[in-house]
Amino acid sequence: MVLHSLEPRVTLLDLLRDKLALTGTKKGCHHGQCGACSVLVDGIRSNACLLLAVMQDGKEITTVEGLGTPGALHPIQQAFIDCDAFQCGYCTSGQLCSAVSLIAEGHAATARSASR
Ligand code: FES
């Protein structure tokens, strides 16, 4: 995708969904409050609805489509299936991306480590 062909006001969320057909990332509030649009920008969880696409040039963007494949799910995706964690499913892609980042940031703990 050539970013310079985009209008400067296009959000990363709209670029992903409308121009790149990566519709796994959902549009909820479009105000940075719900997290449905969460993606990883250079490995950091970010609300795609609050980011201008043109400002992400050169950054690595990971959406839910990039976490795993149908035949090789990311461990977080498998955990969501194993634990029936989908709720309605609309926000699941954002929850998955946030969970991956939270673990990478060291915010996750096991029951054992949390009780110490
Ligand atoms: Fe709700 Fe982005 S759509 S935080």
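Just so you know, these numbers use all the heavy atoms, side chains as well, and skip hydrogens, waters and symmetry mates. If you're wondering where the values come from, they're calculated on a predicted model, not measured in any experiment. Order of listing sets the numbers, starting from 1, for every ligand and every atom in it.
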* List in chain and number order the residues that pass side-chain hydrogen bond (donor to acceptor under 3.5 Å, both in side chains) with T11, two or more places apart in sequence or in another chain; answer none if no residue qualifies. => D14
* By salt bridge (charged side-chain N to carboxylate O under 4.0 Å, His left out) - contacts of E65 (at least two apart) -> none
* **T25, N47, V39 screened by side chain to side chain contact (heavy atoms under 4.5 Å, CB included) with L13, the one that passes** => T25
* To do: Taking atom 1 (Fe) of ligand 1 as the centre, count the protein N/O/S atoms lying under 2.8 Å from it.
  => 2
* To do: Would you mind listing every salt bridge (Lys or Arg N to Asp or Glu O under 4.0 Å) that reaches into residues 44-54, with sequence neighbours excluded?
  => R45-E105
* Heavy-atom closest contact (S93 atom, A36 atom, distance) -> OG-O, 4.0 Å
* To do: Examine distances only and state if a side-chain atom of S98 and a backbone atom of G94 form a donor-acceptor pair shorter than 3.5 Å.
  => yes
